[in-house]
Amino acid sequence: METILVLAHTENDGSLAKSAREALHAAATLHKSLAGSKLVIGLIGQNVQAAANSIAACPATKYFGVTGAEFSQSRYTTDAAAVEAICKVAQATIVVAPATSRWARVLPGVAQRLGGRVDTHVTGVAVANGKISVNRWFYKQRMEGALTRTQRPWFIGIDPGSQTPCERGAGTASVEMVAVNLPDAAKHTTVVGIREPKADAQTIKPDAQLLFVTGAGWTKKQADGQTHLPEAGKLILDFLNKSRASLGSSKSLVDLSGEGQAVLPFLSHMNQVGQTGATPRHAKGLSTCCHGEEPHTVGWRFIGERRAVNLDPNCGWARGKADVLYVEDAFKVMAKVNDLLAAGKT
Ligand SMILES: Cc1cc2nc3c(=O)[nH]c(=O)nc-3n(C[C@H](O)[C@H](O)[C@H](O)COP(=O)(O)OP(=O)(O)OC[C@H]3O[C@@H](n4cnc5c(N)ncnc54)[C@H](O)[C@@H]3O)c2cc1C
């Protein structure tokens with residue numbers, strides 16, 4: 001009989017992130033399909049009561065918590081100790097956790113300590129004939145594999161964005177506190193703060209409906225024989241501000257900065273989509289001034305509706321990689337789109 005533990009850390013304000021609710025959804029799916037299984041929750045953070053209350057109506061029968069200032073921030077030693085303690089008390093055989101950067105660092109180590117196994121980047125879970133299987137993509141999202149394991153505990157890191165978040169109602173949950181004795185060695189690393197871009201400088205938005213991709217064409221000489229970088233930057237930022245889209249880029253465009261050419265200052269390699277970049281998940285994608293070559297478009301695997309604007313009717317997007325290709329000048333198209341957005345017409 002499986003004991004399925006959903007493991008989550010709270011956010012700074014004590015709430016649960018969407019990714020944690022997605023992991024809960026995956027775990028609840030397993031629980032529903034596995035006769036005789038138990039579903040329990042493990043929460044880690046400064047204070048976990050509010051988070052537990054926010055999902056109190058879910059089918060979990062027990063809540064465990066590790067709390068205190070030592071556990072408020074991401075730190076391998078303290079997080080690993082807390083996760084290990086909860087797994088032992090809960091006697092978890094299956095551990096389902098959101099693959100946040102915090103958990104991704106910790107889960108493999110704890111799996112090793114407990115003699116278990118871990119699968120990361122899981123995008124689906126299922127039960128057939130009483131056997132659990134998980135899905136994940138390999139070789140830069142080109143092949144999907146389904147895996148089963150007999151080893152326990154089995155840690156399953158759910159890729160954020162791959163599940164429907166569980167929207168079970170709030171209530172009052174009774175949380176059993178788990179004591180963790182931290183040796184001094186666990187406190188050698190001091191977290192002094194977090195450096196991150198200002199909220200309005202953060203162009204990567206995993207939860208956005210639309211992925212807006214910029215390609216090297218924005219920096220190329222245009223019909224008048226000149227480049228128009230300042231205008232390109234303004235059009236792109238204007239569109240991002242108005243549409244709240246997430247900004248992706250081709251490799252060629254982000255590489256230009258490394259080659260010392262004048263480029264768009266708000267782009268970094270973090271924005272790169274493709275074989276050697278990210279594979280984001282958005283309902284829609286709009287590509288501009290990007291050729292749509294295979295190493296780039298392979299990163300569009302999980303983008304729903306795809307559109308592209310390119311001057312070249314024979315570009316890669318025209319070869320079955322986009323649903324709609326507008327053969328037009330992206331400078332003109334985006335200026336018009338921005339005008340329409342400003343007028344509230346789209
Ligand atoms: C091993 C390997 C890994 C790679 N990994 C990645 C990756 O992860 N991601 C990635 O993106 N690439 C990757 N690449 C590179 C990829 O093959 C392409 O070189 C790159 O994607 C091209 O970028 P681009 O389309 O922006 O630029 P270009 O090929 O220079 O295309 C620019 C496009 O802009 C269009 N254009 C110009 N002006 C306008 C205008 N005014 N309006 C509309 N369109 C206009 C042009 O018609 C052209 O199609 C990889 C390559 C290799 C070999």
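As the structure lists them, so they are numbered: ligands from 1, and atoms in each ligand from 1.
A cation-pi arrangement, defined by a distance under 6.0 Å to the six-membered ring centre and an angle within 45 degrees of its axis, is absent between Arg105 and Tyr76.
A pairwise comparison of heavy atoms in Val125 and Ala26 identifies CG2-O, 3.6 Å as the closest pair. Residue Cys87 comes nearest to Leu114 through the heavy atom pair CB-CD1, 3.7 Å, listed as atom of the first residue, atom of the second, then distance.
A salt bridge (Lys or Arg N to Asp or Glu O under 4.0 Å) with Asp207 is found for one member of Arg281, Lys18, Arg244 and no other, namely Lys18.
In terms of the ring-ring contact (aromatic ring centres under 6.0 Å, His included) criterion, His282 has no residue partners (sequence neighbours excluded).
Here the CZ atom belonging to Arg75 is positioned 10.0 Å from the CZ atom belonging to Arg102, to the nearest 0.5 angstrom.
Listed by chain and number, residues touching ligand 1 at under 4.0 Å (heavy atoms only) are Gly215, Ala216, Gly217, Lys220, Gln222, Ser250, Lys251, Ser252, Gln272, Val273, Gly274, Gln275, Thr276, Gly277, Cys289, Cys290, His291, Glu293, Pro295, His296, Val309, Asn310, Leu311, Asp312, Glu328, Asp329, Ala330, Phe331.
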